[in-house]
Amino acid sequence: QTRLMESGGGSVQAGGSLKLSCAASGPIFSSVCMGWFRQAPGREREGVAMFFTGGSTHAYYADSVKDRFTISHDKTKNILYLQMNEVKTEDTGMYYCATDTRWGLYCPMAAASYDDWGQGTEVTVSS
């Protein structure tokens, strides 16, 4: 089981930026889906951005973050990033990193599709 550890969360004002990191350790596979999810209080966990780590860049975004967030992966360091720009109050929540070896080029956005999870890092956006 791949171990994941998120960092970089914190408090930011609306319109600002934040960069999250997810360090992977343990069994690391070369071509897997990795993704960022978030969960606001009282709401279900939702997919934010997914990345396929094999070959060319394949990234997928939720409509709510498209053109504001960018997911990237440093293969040499085994770190997944989420650059969050122009953040909004509705971006507030606990952000989790996840990975799963079952999926190929297309990475699903559903949380139920991922088996390995980090502990999360909290993001608070104030107006």
Side-chain angles (χ1 to χ4, degrees):
Q1 184 177 6
T2 300
R3 292 181 294 277
L4 303 170
M5 181 173 293
E6 304 92 337
S7 62
S11 297
V12 61
Q13 285 196 319
S17 297
L18 209 58
K19 187 171 185 176
L20 307 183
S21 300
C22 170
S25 61
I28 305 268
F29 300 92
S30 60
S31 300
V32 296
C33 285
M34 296 189 74
W36 287 99
F37 295 79
R38 66 186 179 191
Q39 188 166 18
R43 300 189 66 177
E44 290 188 0
R45 194 170 296 188
E46 62 173 351
V48 173
M50 308 299 146
F51 191 92
F52 179 66
T53 64
S56 351
T57 300
H58 291 279
Y60 308 89
Y61 297 93
D63 288 342
S64 59
V65 306
K66 208 170 287 184
D67 299 325
R68 297 190 298 120
F69 291 8
T70 302
I71 189 171
S72 61
H73 180 248
D74 186 328
K75 210 173 186 75
T76 59
K77 297 179 180 177
N78 293 317
I79 299 178
L80 185 74
Y81 298 101
L82 184 69
Q83 177 67 48
M84 305 167 62
N85 296 331
E86 300 176 32
V87 295
K88 304 176 181 180
T89 54
E90 50 262 46
D91 294 323
T92 293
M94 187 70 78
Y95 281 70
Y96 299 91
C97 174
T99 188
D100 200 285
T101 60
R102 292 174 289 173
W103 316 113
L105 199 59
Y106 171 72
C107 296
M109 297 289 285
S113 300
Y114 293 80
D115 280 346
D116 297 339
W117 291 84
Q119 295 300 307
T121 185
E122 189 157 10
V123 172
T124 303
V125 182
S126 58
S127 58

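Reckoned from all heavy atoms, side chains included, excluding hydrogens, waters and symmetry mates.
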Just jot down the salt bridge (Lys or Arg N to Asp or Glu O under 4.0 Å) partners of K77, sequence neighbours excluded, or say none. none

May I ask whether M50 and F69 are part of the same hydrophobic cluster, defined by side-chain heavy atoms of I, L, V, M, F, W, Y residues being less than 4.5 angstrom apart, directly or through others? no

Would you please name every residue forming a salt bridge (Lys or Arg N to Asp or Glu O under 4.0 Å) with R3, sequence neighbours left out? none

Drop me the distance from S21's OG to D74's CG, to the nearest 0.5 angstrom. 10.0 Å

Applying salt bridge (Lys or Arg N to Asp or Glu O under 4.0 Å), can you list everything that pairs with E122, at least two apart in sequence or on another chain? none

M34 and L4: which non-hydrogen atoms are nearest, and at how many Å? CE-CD2, 4.0 Å

Pairs touching residues 84-102 that satisfy side chain to side chain donor-acceptor pair (under 3.5 Å), sequence neighbours left out: S17-N85, R38-D91, R38-Y95, R68-D91, Q83-N85, D100-R102

Hey, does the side chain of E6 reach the backbone of C22 with a donor-acceptor pair shorter than 3.5 angstrom? no

Show the nearest heavy-atom pair for residues I71 and A59, with the distance to one decimal. CG2-CB, 3.7 Å

Show which side-chain atoms of residues 104-118 pair as donor or acceptor with protein atoms under 3.5 Å away, not counting sequence neighbours.
from : atom 1 : to   : atom 2 : distance (Å)
Y114 : OH     : P108 : O      : 2.7
D116 : OD1    : Q1   : NE2    : 3.4
D116 : OD2    : T2   : N      : 3.3
W117 : NE1    : Y114 : O      : 3.0

Would F37 end up clustered with V125 when hydrophobic side chains under 4.5 Å apart are linked, directly or stepwise? no

What residues, two or more places apart in sequence or in another chain, satisfy salt bridge (Lys or Arg N to Asp or Glu O under 4.0 Å) together with D67? none

Closest contact, heavy atoms only, C97 versus L80: SG-CD2, 4.0 Å

Starting from M84, can I reach Y81 by hopping between I/L/V/M/F/W/Y residues whose side chains sit under 4.5 Å apart? no

Would you say M94 and M5 are hydrophobically clustered, going by side-chain heavy atoms of ILVMFWY under 4.5 Å? no

Tell me whether K19 contacts the main-chain N or O of G8 through its side chain, where contact means a donor paired with an acceptor under 3.5 Å. no

